[in-house]
Amino acid sequence: MATNLKNLSIGPDRIPSARKMVFGIVVADWNSDITHELMRGAHETLLKHGAQTENILVKHVPGAFELTLGAQFMAEYGDFDGIICLGCVIQGETRHFDYICQSVSHGLTELNMTYNIPIIFGVLTTNTLEQAKARAGGELGNKGEEAAIAAIQMAHLQLEMEAMEDGL
Ligand code: DLZ
């Protein structure tokens with residue numbers, strides 16, 4: 001259970017069905033022990049909520065910095081209801097942390113606005129590897145699951161808004 005779902009505003013029983021939805025997952029391979037666990041959590045959660053295996057496309061990029069362009073490729077060349085970006089940036093001792101975190105958070109925010117589809121920020125930004133492990137299937141759950149649920153919720157919201165515009 002993702003962080004006991006504590007950061008989600010609705011209970012798990014009220015998560016909309018993802019049966020007809022199409023999702024992309026972009027996963028960064030830097031810190032792959034962590035990010036592949038996030039990917040597993042996200043993938044399983046989409047299936048659990050009704051998404052079909054053939055409607056989930058997973059693509060890999062080298063590191064979190066490349067998530068923005070990976071997501072842009074998906075948005076530009078694909079037809080997705082939502083795109084989930086997964087990565088793990090660990091503070092360490094370099095300034096890379098700040099540059100990468102800022103770049104990917106700004107980049108993904110911009111893509112949300114540009115493409116008008118949900119592009120989910122599923123990037124762990126932790127001080128230590130232990131903190132990351134705790135959030136990737138450890139004692140604090142799996143943030144990949146939460147990212148998948150956010151994608152379903154936002155895709156559902158968009159469908160609702162589109163139906164409203166069509167007067168349905
Ligand atoms: C270079 C770098 C560093 C130092 N740390 C991380 C990290 O903690 N998490 C991550 O996903 N990627 C890291 N990278 C790689 C960059 O994201 C990027 O792949 C390279 O700088 C090449 O553009």
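Whatever order the structure lists them in is the order used to number ligands and atoms, beginning at 1.
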Checklist entry - Does one side chain, of Tyr115 or Gln72, offer a donor that lies under 3.5 Å from an acceptor on the other? => result no
Item to check | Straight-line distance of Phe73 CZ to Ile83 CD1, nearest 0.5 Å | outcome: 12.0 Å
Item to check | Euclidean distance, Trp30 CH2 relative to Ile100 CD1, rounded to 0.5 Å | outcome: 7.0 Å
Checklist entry - For ligand 1, what are the residues with a heavy-atom contact below 4.0 Å? => result Trp30, Asn31, Gly63, Ala64, Phe65, Glu66, Cys88, Val89, Ile90, His96, Ile100
Checklist entry - Is the shortest heavy-atom distance from the side chain of Phe65 to the side chain of Val89 under 4.5 Å? => result no
Checklist entry - Looking only at heavy atoms, which two atoms of Phe80 and Gly24 are closest? And how far apart? => result CD2-N, 3.3 Å
Checklist entry - Can the ring centroids of His60 and His36 be said to lie less than 6.0 angstrom from one another? => result yes
